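Working notes, structure below.
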Protein chains: 2
Amino acid sequence: MIRRLSQARERGIPEATVARLPLYLRALNGMSERGLATVSSEDLAVAAGVNSAKLRKDLSHLGSYGTRGVGYDVEYLIYQISRELGLTQDWAIAIVGVGNLGRALANYGGFVSRGFRVAALLDADPAVVGDRIAGLNVEHIDELEAVIRRRGVSIVVLATPAAAAQQVADRVIAAGITSILNFAPVVLSVPEGVDIRKVDLSIELQILAFHEQRKTDRMTGGAAMAEEWPEAVDL
Amino acid sequence: MIRRLSQARERGIPEATVARLPLYLRALNGMSERGLATVSSEDLAVAAGVNSAKLRKDLSHLGSYGTRGVGYDVEYLIYQISRELGLTQDWAIAIVGVGNLGRALANYGGFVSRGFRVAALLDADPAVVGDRIAGLNVEHIDELEAVIRRRGVSIVVLATPAAAAQQVADRVIAAGITSILNFAPVVLSVPEGVDIRKVDLSIELQILAFHEQRKTDRMTGGAAMAEEWPEAVDL
DNA sequence: GTCCCTTTGTGAACCGGTGCACAAAGTGAT
DNA sequence: ATCACTTTGTGCACCGGTTCACAAAGGGAC
């Protein structure tokens, strides 16, 4: 039996798997709190809302951490997933843009819970600079590069207006940041090697609207909608 | 019952395409504002941050709305995509949970811009019920079913604490809602036919952390991390 | 040890989506 | 009308990811 390297994982975890690991982690934490010692792939899959075969394959990418006939040790699996995701270290994040959304993010408990720490809040508006939000002083955007350096920020969250996002992105990237979570409704162009993830509230709603429309269309039998322009439309 | 429309679109638009249509729409709106009359698939693809072949295939699912040698008529395409997404009608949405996030969502301009209208805000906390936010009165969660009926709400946004989300979801579904946008960090279980979309802020951060860790690992050459448990870990 | 039961880990088929590359279709010039 | 040029729409090969289904592995009883 030839065991490759230490485990079956030669550092090539599929993107789809990575996206689900936080889900498993959350389910496992709930089980840990309820005192469960072990869990089967079936039970964990149900808790995470996925297919059990998929869960097993996902976990197999991390290594062979289960015991046949028994299941997975909850605490051990929490540790392994946390380590894989990099949550055993402390990540300092900066939030740029302290509007309604920025404030919500700053106060959002879910960040702090697992390895993330809001280390800085920045804004361009002099009216909010100096405000104290979630225990932090809002600093002026001019301080961006200095703050990133000083606080060891490695992930930046953009909650600015759309018009400012690209400009801020350019600056944080120039300052050495390579991971950005973007809430502004724009397509950012960034150099190779920089990871951008995008959360777009209105796009999610539009997707829902599409499906909702189809459902109601089907119920009213109104399959035949106008294909052409309506009579009067202002161009 | 043979349903088939005039064009090549027999009502089977791939999910991946649907998810990109809002992106195209946003890019097209920008072009419309700048006065562009037509746009090539190449230019639109760049603006939306996708491959041009993919864009053409996506649009071909809606119908044959381009002109070879010329491109697409901006206004016409805006209209067609809007109609396909169901944005030519007005969608009343209710936001349940008026914490930091709920407030941010209520004030978020991006919703109103395209077919969506925040028609109700609800919360369980008597301290916030009655508050006026974004021009709306916050109503008590007891009124949920009545408000949904009275205002013609068809999409519900959940911005409640995790513990309350499933319960609220059950109620809105019982009230006839079939489209839910969930911001609470829980896996909701819902009956067949109900569409759930989930936005999870901390999961996005965890995915970024994973990639960030790999980048820094690679730079420091630290490929050999401990596979086993650390010496002292509290179970 | 042997038998039976449970559950993992994975080979292999399948499926949706991507992107290349090109024929078809249109424009404009001459 | 013809030619040169542009750009769409799509056939096809490819790829990552999902799911099925089962052999392999472990536990527990006797």
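To find a chain, count down the sequence lines: A is the first, B the second, and so on, and within it residues start at 1. Quantities reported herein were computed from a predicted structural model and do not represent experimental measurements.
If you measure from atom CD1 of A/Ile13 to atom P of D/dG16, you get 16 Å, rounded to the nearest angstrom. Rounded to an integer number of Å, the gap from OH of A/Tyr72 to P of D/dA25 is 15 Å. Look at CG on A/Asp73: it is 15 Å from C1' on C/dT7, rounded to the nearest Å. Across the protein-nucleic acid pair, A/His61 atom NE2 and C/dT10 atom P stand 9 Å apart, rounded to whole Å. One atom, CG of B/Leu77, and another, P of D/dT8, lie 11 Å apart when rounded to the nearest Å. Taking atom CG of residue B/Leu55 and atom C1' of nucleotide D/dT8, one finds them 11 Å apart after rounding to whole Å.
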Taking only N/O atoms, report every protein-nucleotides 23-30 of chain C pair under 3.5 Å with atom names and distance.
unit_1 : atom_1 : unit_2  : atom_2 : d
C/dA24 : N3     : B/Arg68 : NH1    : 2.7
C/dA25 : O4'    : B/Arg68 : NE     : 3.4

Under 3.5 Å, N/O pairs linking protein and nucleotides 18-20 of chain D:
unit_1 : atom_1 : unit_2  : atom_2 : d
D/dT18 : OP1    : A/Arg20 : NH1    : 2.8
D/dT18 : OP2    : A/Arg20 : NH2    : 2.9
D/dT19 : OP2    : A/Lys54 : NZ     : 3.4
D/dT19 : O4     : A/Lys57 : NZ     : 2.8

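In this structure the side chain of B/Leu87 never reaches within 4.5 angstrom of the side chain of B/Ile81, judged on heavy atoms. In this structure the side chain of B/Leu25 reaches within 4.5 angstrom of the side chain of B/Ile78, judged on heavy atoms. Contact of the B/Leu59 side chain with the B/Gln80 side chain is not registered, since no non-hydrogen atoms from C-beta on lie closer than 4.5 Å. Counting only heavy atoms from C-beta outward, the side chains of A/Phe116 and A/Ile155 approach each other to under 4.5 Å. Taking 4.5 Å as the limit, some side-chain heavy atom of B/Tyr24 sits within range of a side-chain heavy atom of B/Val50. You'll find the side chain of B/His211 stays beyond 4.5 Å of the side chain of A/Thr178, heavy atoms only.
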Which atom pairs, one a donor and one an acceptor, fall under 3.5 Å between side chains of residues 180-193 of chain A and the rest of the protein, sequence neighbours left out?
unit_1   : atom_1 : unit_2   : atom_2 : d
A/Asn182 : OD1    : A/Ala184 : N      : 2.9
A/Asn182 : ND2    : A/Ala184 : O      : 3.2
A/Asn182 : ND2    : A/Val186 : O      : 3.4

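Only B/Ser40, B/Ser41, listed by number, bring a heavy atom of residues 36-46 of chain B to less than 4.0 angstrom from any atom of DNA chain D.
With sequence neighbours excluded, no residue satisfies salt bridge (Lys or Arg N to Asp or Glu O under 4.0 Å) with B/Asp170.
No side-chain donor-acceptor contact under 3.5 Å links A/Glu75 and A/Tyr79. Between the side chains of B/Ser154 and A/Glu212, no donor-acceptor pair of N or O atoms lies under 3.5 Å.
Under the salt bridge (charged side-chain N to carboxylate O under 4.0 Å, His left out) criterion, the residue pairs touching residues 47-66 of chain A are A/Arg20-A/Asp58, with sequence neighbours excluded.
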